[in-house]
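Okay, so here's the structure we're looking at.
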Amino acid sequence: MITKEQLEGPQKITWCTGCGNFGILASLKNAVGELGVPQNQFVIVSGIGCGSKIPHYINLNAIHTLHGRAIAVAQGIHLANLDLQVLVHVGDGDTLGEGLGHLMHAARRNVNLSVFIHNNGVMGLTKGQFSPSAPRGYVSSTSPPEAGAPMNPVNVVAYALTAGATFVARGFSGDQKGLVALMRKAMKHKGFALVDILQPCQTWNRQLNWKFYNEHTYSLQENGHDINSRIAAIEKAFSNGDKIPTGVFYEEKAPTLAESLALPPDGRLRDHQTDIKAVQAIIDELIL
Amino acid sequence: MITKEQLEGPQKITWCTGCGNFGILASLKNAVGELGVPQNQFVIVSGIGCGSKIPHYINLNAIHTLHGRAIAVAQGIHLANLDLQVLVHVGDGDTLGEGLGHLMHAARRNVNLSVFIHNNGVMGLTKGQFSPSAPRGYVSSTSPPEAGAPMNPVNVVAYALTAGATFVARGFSGDQKGLVALMRKAMKHKGFALVDILQPCQTWNRQLNWKFYNEHTYSLQENGHDINSRIAAIEKAFSNGDKIPTGVFYEEKAPTLAESLALPPDGRLRDHQTDIKAVQAIIDELIL
Amino acid sequence: MDITFNIGGEAGQGIDTIGDLLTQVFVQSGFYTFTIKDFMSRIRGGYNFSQIRVSDSPIHAPIDDIDLIVALSHDAIVGKRNQLVDGGVIIFDDTIKTEELDACHYPAPLQKTATEVGGNIRMMNAAALGAVLAVTRFPFNLAETALSEIFLRKGRKVVDANVEVAKALYNLTKENWIGTCAHDMSTVKMGPCKDRLILTGNRAIALGAMAANLKWISSYPMSPSTACFQDIVSNAQRLKIGSLQTEDEIASLATAIGASFAGARSMVTTSGGGFSLMVEGLGLAAMTETPIVIYNAQRPGPSTGLPTRTEQGDLLFMLTASQGEFPRIMLAPKDPIEAFDVATRAFNLADKFQVPVMILGDQYFSDSVKNVPRIDAGKVEIDRGKRASTMASEPYERFKLTEDGVSPIAFPGDQGKFVVASGNVHLENGHITEDPDIRNSMVEKFMRKIPQILKTLNPPQVFGGRGAETTLLTWGSTWGAAYEAVKVLADKGVSINLLHFCDLFPLKTHILTEVFSEAKGVVAVEQNATSQFAKLVLMETGLTVDKRVNKYDGRPMTPRFIMDRLKEGGIS
Amino acid sequence: MDITFNIGGEAGQGIDTIGDLLTQVFVQSGFYTFTIKDFMSRIRGGYNFSQIRVSDSPIHAPIDDIDLIVALSHDAIVGKRNQLVDGGVIIFDDTIKTEELDACHYPAPLQKTATEVGGNIRMMNAAALGAVLAVTRFPFNLAETALSEIFLRKGRKVVDANVEVAKALYNLTKENWIGTCAHDMSTVKMGPCKDRLILTGNRAIALGAMAANLKWISSYPMSPSTACFQDIVSNAQRLKIGSLQTEDEIASLATAIGASFAGARSMVTTSGGGFSLMVEGLGLAAMTETPIVIYNAQRPGPSTGLPTRTEQGDLLFMLTASQGEFPRIMLAPKDPIEAFDVATRAFNLADKFQVPVMILGDQYFSDSVKNVPRIDAGKVEIDRGKRASTMASEPYERFKLTEDGVSPIAFPGDQGKFVVASGNVHLENGHITEDPDIRNSMVEKFMRKIPQILKTLNPPQVFGGRGAETTLLTWGSTWGAAYEAVKVLADKGVSINLLHFCDLFPLKTHILTEVFSEAKGVVAVEQNATSQFAKLVLMETGLTVDKRVNKYDGRPMTPRFIMDRLKEGGIS
Ligand SMILES: Cc1ncc(C[n+]2csc(CCOP(=O)(O)OP(=O)(O)O)c2C)c(N)n1
Ligand SMILES: Cc1ncc(C[n+]2csc(CCOP(=O)(O)OP(=O)(O)O)c2C)c(N)n1
Ligand code: SF4
Ligand code: SF4
Ligand SMILES: [Mg+2]
Ligand SMILES: [Mg+2]
């Protein structure tokens, strides 16, 4: 148990009043506090965007990386030291646009990471342009003036499922209790876990706001859903017309990437010393 | 009708004897010849890899671009001149690794392109490393020595369907008649059309060879399949254990990206002259 | 008259609007203005400001001295206080809790008046304006005309309400405020400034591009370039410009290359981090000789750095970006007026020489607002370069070896031609080859373009007359501060001039070497830590500068900053 | 003795193997060898060759003169014929249809003998070897011992079959061939060469990295770097090295940065196009002061260029890549021996200064094979730099401002510490800030590293004695050809020496300026079109070279090429 005081953020929060990120931060503190992993074993990896500022508001190891590249960096951190509990906090612009390839491939490799998408349907920090998860027709300063966002949104749950993620869920910043539970499950999951978090952006997105989500979400678990079928999960992911499902879509035990790599038995490349005699042998084998 | 002679390739072919690319080239010539589009309206856009050398073996407009970026370049060509028939020929390493993000986003936008994936499960031109579509455990010079390719392959049909492609099919280089038909359908389709082409690499991939495909493919159309259901199509895409389905997975009419953009009525940005008086008006509106 | 207003507060409080209003009122009243924007990389809260300098003669940079602060938050009261001149005044909303301030400062009922008189707290903008005008004793009737014109587009009612709020606070201030301001503008009539077009660098680039027949833009938002992209998108429908916010910068450049290959004038806008992702695409544009214009609004790096601040840190990076060797053109406009011209030239140069053209702005250039004369878009000349003849009998060769290195261009779809291009080494017909002789010819073709380009570029400008003892050397947006510093020093009798480059590369060396030989000392003034342009000059000419002035805290250069550094070096 | 064999044919015909066999036989027999590989960017067909130079004294470059060609295809008969010396011999498979060749050339039954004697057409390799040995009258017993050792690993049967095939063709040739070869090796015993480790540049980098305790590599295949990555992967299991072929180069560097941040020595391998995609990540590594080693095996650009050819065209690109300004280290080994050392130093430098270290190879360096003395891996010293104390009482600050600019490092998971880093401008504790003073401090921290780095780097080397009239200036792999040219010219009495750089940046200027002042003329010899290193020298020192020798056709530099150019310039 890590106390709230121990997790107290090193910096003053810069998010707008009413921002959905507050609920995510509070849930994160809760989930981290109760996970049973020592505080210095957590590493937060974030991208660039409003949500990606979260490492400055909670006291953990962290690296605040580049727009779109957080998952790739996190993958390296994890593989260099399997003891670490690596949490990725990223935006929707971040991860579903710039970084989509990394997301899909890390999911496919079943890298043991927990990825939390602060999904607000806009690029918050750059002032409200439509993001890959903005609804078709969403009007912003960079969408074609007449048409709005000229395409269907990225359905990240469906994408992650298709790519092969082994834990996929959706939470809502307004349902902290539910979100804490999902986060904890994701952290405990061995493999690639993704939680799509519905996060109202109070400032820019007037459509996907608190009211909308309060009225248009329902719980998968409360309505009967088989979390062991990938195809059923994908079907549910696509069934997000009037009502958006939240909860766990899918869960599966599968070999993680780390199991296939040539890691030392303790999983700590960081402290491993290559046997220099073995290197010498490799050299000597080349001698005629 | 464009004759074989008119399409005669400007260069000597450099593919290995027995390469699956020959069948694709032959099918392409067929499909192009009979499409009814003037020869100088075709543009081939390719990436980097063995298959991506195809523009040098057929006489059409072409740009041989970068590893992974062909779809993005093609998107620009198409939007600058809607008269053009833009064909994208790319490898699996190319498009499912380096360029996966572009593929998913172009599909989502329903850009009117025909994308032909020369899918051989390896990186051919760089000498046989496992590609994103190599089977799990596939051994090559860059996979972990014990585990082989340490992840499940990219299922490009499922990916494209999830992203929102409006025409998705799979062909086989060994079934030219079938492939010509699929290519023609893809070219005629208004929107993002993808044909995953099973293409044996004679030199590197000893697993996904002619024999294997001859024995492990079956036709969707001959076995009853509803091409109007995206979720059914995804399910079929995933049902590729012992037998790999070929044929059309899915087809749908949907607005293309071009319809949402501020293009001139004739769809030819290339020849459009901005009304300089309108620019002056924009300037003058700024004057206090 | 030379007076500087600083409007500070939290992000989201509308300080930008107050700043713009003030700027507009003064421009409407015939004064020269220069406005800079200083904001944090956050959406609400924090401490931002807008700083407006007003003068009755042309001005080109911000200065350090502030005459009047309008503070909407406590941070804004203290944030710039050390720059307040003796006798300077702080107007602050009277709801802000603060330590006792001298009576010369003014707790104004901004929010209160906006709500009570205007019926809307957002009219605090007008209230602030009223207070400022009263404090400086600016004739309200001048402002009234200006306000009417500004708000006219929003309808009579809005005009009236705003004028009423401004007037209310104007009167209230006259009654209640017991301080005096050193600036008394009561006798002011109309200033001499007729340049009523107020422009940012970003907007000027956008206008230039649109006037130059830009037909395709694909970009990805990145401060401080986003506004340029947004300006073009917002006019896309009207002008028929294809525009797309792509999934990333790699796609944005690749898509633009495609559009250009197919015949549409194309451009991308970004900042350094986005440009980093375009580096591979840049090489493709170069190798396929596809014209492209890249606008990089620089910000302090490395990496994410300071997203909303300014720096000239990407010069050498852009100079050599991408593997291999190829010609490119680099232009850095000094201010919005020049930016319009640079944008139009960029497209012509790209087409004429079939090379990438890069425009270097920076946050200071991009966001600061300057008043300029009306631009006549009709004067813009469009030169699309060498087009392939429409009725050639020979098979078309996209990369025909020519004397000047430029091959006639055709686009896919052109009658009787097949246009083939490749990022691999290719034959004249565009198909790939590994032949060493052709490789050599193609490298030499590239190199032949450079002298041709050099002939077309503009020479540097010398300000302050030739033959001075000290020469300041600047490029891009640093011009303004250096120009003003030179003016001040020259007026004091210092023998000093300014050698300024807009067209950076390939480097025109003729005037440069002359001026270097005339000067006893050359001082490179740059908004970076390593004097990158001085390095470029050295690399291209062997000429070394004698002193370097560098600013790398992300805040714009000022004349005073330069003069202080020169003083340390014995020049004053 | 100095003899050059050229083995040519189609991709897939096994010419590489013949070349390797020949190399091995001569090395086993105590000769110095230098082998270059020339291949097209295709998998089968075309025209490739492997060219082996054999000598009884050390050699460091290919030469233009060819003594003996082994041709497995028609293209191979004609491809290099213009380089064949008078009296040179072409051995070609007798199934190849060709015009009448002089009787001095030899249509050998290679395929036939392989099939008939060895029972396997793949033994054509041994057959070709036999023919070559016979033509040069090389004592077969010497070769026999060598062959036995080479094939021993494959078992007795393979040895016997191969020896038999070689012998059969050896005897057949002696009987049937009516020409004579200018080289008569019949009296040869054992050469003086004891350097029996034959290495490519790629492999040497891989070995160096492995000896330096590399623990993480993530790469994406790209010629000509791939073999280095493959070498490490193939030993990953044995040495416990984490390795991953990522989806692209962006991910490869980002993943390596992550691994390094978590404490594992990390590296990526690529070529210019892949490095282009790493440019944004490079800035992140720099800003977060995460040690990283990047190996770029260069090839001719721009863009895809010539994928399997050589060039030194990325020097300036790598020097300034990524937005903003930060210290970096650049090293370019001249050959495989130096490469091992450079790789080990690279990791130490990266850790010591917490900066990106870039190793520049090129296809010629990467693929050519040189024999070198046994490397003693036990001598490699590992210096991981300043680690943060394990029992500090104060909260840990990853970016503590220190005198030398380097902050003690800790890794996530270290007891009692939170390690925080950011690509944004940050406080000493790693959390973000926009404060101008801290920004200044952090920029200055970066700049303070440079003099420290300079102290640690190796000075350039002077070959041929100080004080010559003409100095050749080289870097990286161009050394060998220049070294040999200098030797030849010096032997002829020309006053000439060679100033060579391995450690390129930051540039050590001490010896450089001395040598420049001693020489009447300095000639930059570079495998590129624009003399990039000469530009770097000029930019850093103001010193200009007098002449430039450039090769940019993608084929390696030779001593003759340099001497011809020097002659044109009056130096011979
Ligand atoms: C390579 C790159 N491109 C663009 C940017 C500019 N940028 C910063 S944040 C952001 C969008 C953030 O959107 P999202 O990821 O949805 O995060 P949010 O702010 O909405 O939480 C962008 C485009 C950048 N930092 N780096
Ligand atoms: C940015 C970049 N990275 C790597 C390469 C090297 N490269 C050339 S082809 C290729 C793989 C090709 O594989 P695939 O796309 O499957 O095509 P195939 O050769 O199998 O047809 C790679 C990695 C490159 N050209 N550019
Ligand atoms: S802009 Fe939106 S996402 Fe960003 S802090 Fe404000 S409310 Fe939150
Ligand atoms: S390597 Fe494979 S894919 Fe490439 S040409 Fe040969 S057979 Fe075809
Ligand atoms: Mg967002
Ligand atoms: Mg492939």
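Throughout, protein chains are lettered first and strands after them, A, B, ... in sequence-line order, and every chain is numbered starting at 1.
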* **Most contacts with chain C, counted as non-hydrogen pairs under 4.5 angstrom, among D:Pro302, D:Gly272, D:Gly313** => D:Pro302
* **Contact check, side chains of C:Met447 and D:Thr530, non-hydrogen atoms, under 4.5 Å** => yes
* To do: Please collect all salt bridge (charged side-chain N to carboxylate O under 4.0 Å, His left out) contacts where either partner lies in residues 537-549 of chain C, sequence neighbours excluded, each pair once.
  => C:Glu540-D:Lys535
* Asked: Just wondering, do D:Gln532 and C:Glu325 contact through their side chains at under 4.5 Å, heavy atoms?
  -> yes
* **Main-chain N/O of C:Ser303 paired to D:Gln323 side chain as donor or acceptor, under 3.5 Å** => yes
* Taking side chain as C-beta onward, heavy atoms only, is C:Phe317 less than 4.5 Å from D:Val279? -> yes
* Asked: Between D:Met278 and chain C, which part of the residue has a heavy atom less than 4.5 Å away: side chain, backbone, both or neither?
  -> neither
* **Main-chain N/O of D:Asp437 paired to C:Asp553 side chain as donor or acceptor, under 3.5 Å** => no
* **Which portion of D:Thr308 sits near chain C, non-hydrogen atoms under 4.5 angstrom** => side chain
* To do: Compare all side-chain heavy atoms of D:Glu311 with those of C:Arg439 and state whether any distance is below 4.5 angstrom.
  => yes
* Structure fact -> Of D:Ser41, D:Gly281, D:Gly274, the largest count of non-hydrogen pairs under 4.5 angstrom with chain C goes to D:Ser41
* Asked: Among D:Gly305, D:Gly301, D:Gly542, D:Gly283, which has the most heavy-atom pairs under 4.5 Å with chain C?
  -> D:Gly305
* Where does D:Arg299 contact chain C at under 4.5 Å (heavy atoms): side chain, backbone, both or neither? -> neither
* Option that, when pairs with chain D are counted at under 4.5 Å, heavy atom only, ranks first among C:Leu306, C:Thr288, C:Leu536 -> C:Leu306
* Non-hydrogen atoms of chain C under 4.5 Å away: do they reach the side chain of D:Asn528, the backbone, both or neither? -> both
* Structure fact -> Scanning both residues in full, the closest heavy-atom pair of C:Arg555 with D:Pro436 reads NH2-CD, 3.7 Å
* Contact check, side chains of D:Tyr552 and C:Glu444, non-hydrogen atoms, under 4.5 Å -> yes
* Do the side chains of C:Pro307 and D:Asn424 get nearer than 4.5 Å, heavy atoms only? -> yes
* **Heavy-atom pair of closest approach, residues C:Ala529 and D:Val443** => CB-CG1, 3.6 Å
* Quick one: are D:Leu316 and C:Leu319 in side-chain contact, heavy atoms under 4.5 Å? -> no
* For D:Ile250, is it the side chain, the backbone, both, or neither that has a heavy atom closer than 4.5 Å to a heavy atom of chain C? -> side chain
* To do: May I ask you to name which of C:Gly554, C:Ala534, C:Ala321 has the most heavy-atom pairs under 4.5 Å with chain D?
  => C:Ala321
* Asked: Does some side-chain heavy atom of C:Ser322 sit less than 4.5 Å from a side-chain heavy atom of D:Ser276?
  -> yes
* Structure fact -> Most heavy-atom pairs under 4.5 Å with chain D, out of C:Met539, C:Met318, C:Gln298, belong to C:Met539
* Structure fact -> Counting heavy-atom pairs under 4.5 Å with chain C, the top scorer among D:Ser271, D:Pro300, D:Ser422, D:Ala285 is D:Pro300
